[in-house]
Peer 1: 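I'd like to ask you about the structure that follows.
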Amino acid sequence: MPERKFAIQKPALTPFNVVAGIIVVIGVAITGIRFTQGLAATTNLSDYNPWGIWIGFDLLVGVALAAGGYVTSAACYLFGLKRFHSAVRPAILTGFLGYALVVLALHYDVGRPWRLPYPFIVQSGTTSLLFEVAACVALYLTVLFIEFTPAALEWLGLKRARRIVNKLTLVLTIFGVVLSTLHQSSLGALFLIAPSKLHPLWYSPYLALYFFVSSIVAGLSMVIFESTLSHRYFHDKMDTEHLQEADGVALGFGKAAAFVLAGYFVMKVIGLAQTNAWSYLSTGYGLWFLVELLGFVLLPCYAYAIGVREKNLKVIRWTAAWTVLGIVVNRFNVGLIAFNWHLPSSERYFPHWMEIGISVFVVTLGVLAYRFIVTHMPILYAHPDYDKH
Amino acid sequence: MTHTINTLHDFMVRTEGITYILIVVALVGFVVFWRFLTERDEDGERLGADRPDENPH
Amino acid sequence: MSISRRTFLGWLGAAGAGTSLGRSAHAAGTANFTGYPDSLGVLFDATRCIGCRKCEEACNRVNELPAPAKPFSDLAVLDRKRRTDAKTYMVINRYDNIPGAKGPVYRKIQCNHCLEPACASACFVRAFAKNSNGAVTYDESVCVGCRYCMIACPFEIPTYEYDRAFTPRIMKCTFCQPRLLKGQLPGCVEICPAEALTFGRRRHLLKIARERIGLFPARYIDHIYGETEMGGTTWLTISGVPFRELGMREDLGTTSAPELTKGALSVVPIVAGLWPVLLTGIYAISQRKDRIAREEKAAAVDEAVTRARAEAKAKLAEALAKADKDKKAAIDKEVKKALADAAKAKVQETAAASAAAPEKKSS
Ligand code: SF4
Ligand code: SF4
Ligand code: SF4
């Protein structure tokens, strides 16, 4: 079997490798402390602030930014936009890694991680939105894993298994969209139970819808953003199909993101009308809310539109990065900044450096895994042994 | 047996429990039914049909 | 209203029968649950509390919690606003300089044992139970430690043992459930020297509270905190100063936790039911469009082929016709020639014959 050979680089002392190495060493050390001495030793969590950045960033942001998988596979396999085909595999891979890391990070956050399967095997709290999130994340991780396997199976040369997985594509894609719709929105709905703690500008009966719609934006933008990075670092791994389609993917996804952002903006404004939260706009939180709404929703919406109209890929790529940042801002606002806004500042939460350390560690693991996989498996190119599509 | 439901919470424990079971049944049912529906189609609209011209991923 | 299981099953059965359709739809859609009718509760009267911290001490003792850094007799502890924590199920706080109050006012903070507990609604392993006597209890043996219950509780009661690495638990007032089951009073209630705490059935407590407010309207704020807050609580508070002065949220609303999440939860099955249909539909349409495009292409190719074939045929026919014509012409020519030849031959023959005849005659 003809194997596609790449120059296998030895782990050289590039700046990237050095930094990644240091982060991993520190991460492992903090992991040791976390699991031997508990949450108090590694976090600034308190009785007022039970959720910190391991939820606000690792869970809320992580899941939103891993939405590229369902968005892209739905566009390609369900909506029949075959020209986005080359974007599917990298998006599925990021999605899979994203969810895997979310689940990994949750092991740090919950008090007794070995009990994480309890909701499904011991006792189910079906009235909880968190049960819904947990069930969907667990199932979707499985779906993503199966969706990802063709690449691994091709790499391993297991043609039969790959054929079987291919047959499941449609079912998996539909399940993926159903599960994603549910848990992306439920992450927002988690906060519905605490109207007295979340600032009225962010608390809305539409929270679930906001999280779902913004996850589409996040998915689209992440695909563009990530492909920009891949082009810079893994250009040699891409086949002609990927290279030819890449610009079209950026344009198409940029256009979609612009319009979805427009809808999101409208919904956010209507939400203000529904909760009659206008008066808060003149406060400090109101200013911050406007920064989010105008700076991270309306602005990227417009910038995407300009980029698409003028076919300016540079604008689109920068906008994608900005939008991704906007998603981070939004999830931080709901989960951390506007949450517990009623508390005096002395009771507010600020992450411990070890919490940040673990979050950085987890992201680094993701980048390393991504790099390993794209340099070894047919992600950015179609495997020569398998039929073209 | 007259078990009384006194709280909305208990009511929802029951209804949501049943709902989740129904969801699982429904999702599996959809797949089975779609297969049944399209089994005799020859034109490749079949769910999971082995189409050589459709190479996912 | 409370519904029995039989009634509930009855609805299920009757759902299809037109007569009770209206009733069942009403009952299922806007079912109104008022909690356990014999629920116990405690009424805290802030006008009576003297801030002696005896209840804190009793709570600590009956629940076998670790001893605090400063003894319970040390009232200087009250200079600071405290909250429940992993080693303290309840605290007394002192509030000074409240306009309209003669001296400091004290308030007891512990789990309110909500009628519709947010903590129970939020827990994804159902670690909390609302017992029929009113107590909201916690089962450590299933708790995963996600701390969503702490996010959910509007009174910020549950606390977590962050410092335990392997067996961290949620810690909160149990309503002294083990004591209640033995027929004893809750530790804090039992010890209170000022009768600031009244134990009894919740519905009786509401009556008592109303009576006190009615008898001394000048002494009390006309509100029973906990009657409706977040759907109602079994522990109730009455006070002579506005509740916000005692650090109690007045903006909690009357909507209970399960009601807040009901809408979002009810969307879940609809998405699961509708999405596969819609998405398969979209898939089928895009597939069909592809197929039609393919077929159109095929048809166009077909047509071109047919046309080409027809043309070729026509040409062939023409060629054949021409060939035919040529052939015919050739035959004609041949025939003509043959005929001409024949005629010629005949003429020659005749001539020859006539030439021969005189010869015959002459001989
Ligand atoms: S006060 Fe908080 S902890 Fe106590 S029952 Fe209500 S929601 Fe649960
Ligand atoms: S921390 Fe424990 S009790 Fe609280 S919601 Fe999570 S699993 Fe339930
Ligand atoms: S009821 Fe029991 S556990 Fe709750 S505050 Fe009183 S003594 Fe403590």
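Below, chain A is the first sequence line, B the second, and so on; all start at residue 1.
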Peer 1: Can you tell me if CZ on A/Phe259 sees more than 12 non-hydrogen neighbours from other groups inside 6.0 Å?
Peer 2: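 Counting neighbours around CZ of A/Phe259, 12 or fewer heavy atoms of other residues, nucleotides or ligands fall under 6.0 Å, so no.
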Peer 1: Under 4.5 Å from any heavy atom of chain A, what part of C/Phe128 do you find: side chain, backbone, both or neither?
Peer 2: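 Answer is neither: C/Phe128 stays 4.5 Å or more from chain A.
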Peer 1: As an exercise: rank C/Ala118, C/Cys149, C/Pro258, C/Ser141 by heavy-atom pairs under 4.5 Å with chain A and give me the winner.
Peer 2: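 Heavy-atom pair counts peak at C/Ser141.
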Peer 1: Can you tell me which portion of A/Thr126 sits under 4.5 Å from chain C's heavy atoms? Options are side chain, backbone, both or neither.
Peer 2: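 When you check distances to chain C, only backbone atoms of A/Thr126 fall under 4.5 Å.
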Peer 1: With chain C as the partner, which of A/Leu207, A/Thr181, A/Asn340 has the greatest number of non-hydrogen pairs under 4.5 Å?
Peer 2: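 Heavy-atom pairs under 4.5 Å are most numerous for A/Thr181.
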Peer 1: Got C/Thr84 and A/Asp47 here, is their nearest side-chain heavy-atom distance under 4.5 Å?
Peer 2: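 No. Closest side-chain heavy atoms not under 4.5 Å.
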Peer 1: Pair A/Arg112, C/Arg164 - check side chain to side chain contact (heavy atoms under 4.5 Å, CB included), show working.
Peer 2: CA-CA 10 Å; A/Arg112 305 196 198 192; C/Arg164 285 171 73 155; over 6 Å; no
Peer 1: Taking the side chain as every heavy atom from C-beta outward, state whether C/Asp251 and A/His342 have any pair of such atoms under 4.5 Å apart.
Peer 2: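 C/Asp251 does not reach A/His342 side chain to side chain.
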Peer 1: Go through the atoms of C/Cys123 and report whether side chain, backbone, both or neither lie under 4.5 Å from a heavy atom of chain A.
Peer 2: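 Just the backbone, heavy atoms under 4.5 Å.
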Peer 1: Is it the case that the side chain of A/Thr127 and the backbone of C/Ser121 share a donor-acceptor pair, with hydrogens and angles ignored and the cut-off at 3.5 Å?
Peer 2: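 The answer is yes, because a donor-acceptor pair under 3.5 Å joins these two groups.
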Peer 1: Look up atom CZ in A/Phe191 and atom CG in C/Leu260, then write down how far apart they are to the nearest 0.5 Å.
Peer 2: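 One finds 14.5 Å between CZ of A/Phe191 and CG of C/Leu260.
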Peer 1: Quick one: what part of A/Gln37 sits under 4.5 Å from any heavy atom of chain C, side chain, backbone, both or neither?
Peer 2: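 Just its backbone gets close to chain C.
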Peer 1: Looking at C/Asn97, I'd like to know if its CG atom is crowded, meaning that more than 12 non-hydrogen atoms belonging to other residues, nucleotides or ligands lie closer than 6.0 Å.
Peer 2: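 For C/Asn97, atom CG is not crowded (no more than 12 foreign heavy atoms under 6.0 Å).
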Peer 1: Quick one: does C/Pro276's side chain get under 4.5 Å of A/Val178's, heavy atoms only?
Peer 2: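 Yes. Closest side-chain heavy atoms under 4.5 Å.
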Peer 1: Is there a side-chain contact between A/Ile174 and C/Trp275 in this structure, where contact means two heavy atoms from C-beta onward sitting under 4.5 Å apart?
Peer 2: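 The answer is no, as the side chains (C-beta and beyond) never meet within the 4.5 Å cut-off.
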Peer 1: Can you tell which of A/Pro50, A/Ser46, A/Ala40 has the highest number of heavy-atom pairs within less than 4.5 Å of chain C?
Peer 2: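 That would be A/Pro50.
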Peer 1: Shorter than 4.5 Å, heavy atoms on both sides: which option in C/Val142, C/Asp163, C/Val144 has the most such pairs with chain A?
Peer 2: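 Highest number of pairs under 4.5 Å: C/Val144.
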Peer 1: Supply the atom-to-atom distance C/Lys289 NZ to A/Phe79 CZ, rounded to the nearest 0.5 angstrom.
Peer 2: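 The NZ atom of C/Lys289 sits 11.0 Å away from the CZ atom of A/Phe79.
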Peer 1: Is it the case that over 12 heavy atoms from other parts of the model lie below 6.0 angstrom from the CZ atom of A/Phe35?
Peer 2: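 Correct, the count exceeds 12.
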Peer 1: Heavy atoms only: give me the nearest A/Gln123-C/Val125 pair and the separation to one decimal.
Peer 2: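 Looking at all heavy atoms of both residues, the shortest contact is NE2-O, 2.9 Å.
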Peer 1: Quick one: closest heavy-atom pair of C/Phe166 and A/Trp114, and the distance?
Peer 2: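 So the minimum-distance heavy-atom pair works out to O-CZ2, 3.2 Å.
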Peer 1: Does any heavy atom of chain C fall under 4.5 Å from the side chain of A/Ala208, the backbone, both, or neither of them?
Peer 2: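 Neither the backbone nor the side chain of A/Ala208 comes within 4.5 Å of chain C.
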Peer 1: Could you give the distance from OG (C/Ser286) to OH (A/Tyr77), rounded to the nearest 0.5 Å?
Peer 2: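 Result: 12.5 Å between the selected atoms.
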Peer 1: Out of A/Val122, A/Leu39, A/Thr173, A/Ile55, which one racks up the most heavy-atom pairs below 4.5 Å with chain C?
Peer 2: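 Highest number of heavy-atom pairs under 4.5 Å: A/Leu39.
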Peer 1: Is the shortest heavy-atom distance from the side chain of A/Phe339 to the side chain of C/Ile151 under 4.5 Å?
Peer 2: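 A/Phe339 reaches C/Ile151 side chain to side chain.
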Peer 1: For the residue pair A/Leu45 and C/Tyr160, establish whether any side-chain heavy-atom pair is separated by less than 4.5 Å.
Peer 2: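 Side-chain contact under 4.5 Å: no.
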Peer 1: I need the residue from C/Met230, C/Arg169, C/Glu161, C/Arg83 with the largest number of non-hydrogen atom pairs under 4.5 Å to chain A.
Peer 2: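 Option with the greatest count: C/Arg83.
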Peer 1: How long is the straight-line distance from CG of A/Leu170 back to CG of C/Leu279, given to the nearest 0.5 Å?
Peer 2: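 Going from the CG atom of C/Leu279 to the CG atom of A/Leu170 covers 9.5 Å.
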Peer 1: Hey, which of A/Val177, A/Leu106, A/Leu190 has the most heavy atom pairs under 4.5 Å with chain C?
Peer 2: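 Heavy-atom pair counts peak at A/Leu190.
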Peer 1: Check A/Val110 against C/Arg147 and note the closest heavy-atom contact, atom names and distance.
Peer 2: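 Residues A/Val110 and C/Arg147, closest heavy atoms: CA-NH1, 4.1 Å.
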Peer 1: In terms of heavy-atom pairs under 4.5 Å with chain C, which of A/Asn49, A/Leu130, A/Thr36 leads?
Peer 2: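 Sorted descending by pairs with chain C, the first entry is A/Leu130.
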Peer 1: Please classify the contact between C/Pro168 and chain A as side chain, backbone, both or neither, with a heavy-atom cut-off of under 4.5 Å.
Peer 2: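 Both backbone and side chain.
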Peer 1: Looking at C/Asp85, C/Thr159, C/Val267, which has the largest count of heavy-atom pairs under 4.5 Å with chain A?
Peer 2: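 Most heavy-atom pairs within the cutoff with chain A belong to C/Thr159.
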Peer 1: If I compare all heavy atoms of C/Leu265 with all of A/Ser128, which pair ends up nearest, and what's the gap?
Peer 2: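 Distance-wise, the nearest heavy atoms are CD2-O, 4.4 Å.
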Peer 1: Should C/Glu156 and A/Leu343 count as side-chain neighbours, where that means a heavy-atom distance under 4.5 Å?
Peer 2: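 They are in side-chain contact.
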Peer 1: Below 4.5 Å, heavy atoms only, C-beta onward: do A/Trp51 and C/Tyr148 meet side chain to side chain?
Peer 2: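 SC-SC contact between A/Trp51 and C/Tyr148 confirmed.
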Peer 1: Tell me the closest heavy-atom pair linking A/Ser196 and C/Leu252, and the distance in Å.
Peer 2: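 Heavy atoms of A/Ser196 and C/Leu252 come nearest at CB-CD2, 3.4 Å.
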Peer 1: How long is the straight-line distance from CZ of A/Arg115 back to SG of C/Cys146, given to the nearest 0.5 Å?
Peer 2: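 One finds 12.0 Å between SG of C/Cys146 and CZ of A/Arg115.
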Peer 1: If we define contacts as heavy-atom pairs under 4.5 Å, which of C/Gly281, C/Ala127, C/Ala257, C/Gly145 has the most with chain A?
Peer 2: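 Answer, by heavy-atom pair count under 4.5 Å with chain A: C/Gly145.
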Peer 1: Among A/Gly80, A/Pro119, A/Gly38, who wins on heavy-atom pairs under 4.5 Å with chain C?
Peer 2: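 Among A/Gly80, A/Pro119, A/Gly38, the one with the most close pairs to chain C is A/Pro119.
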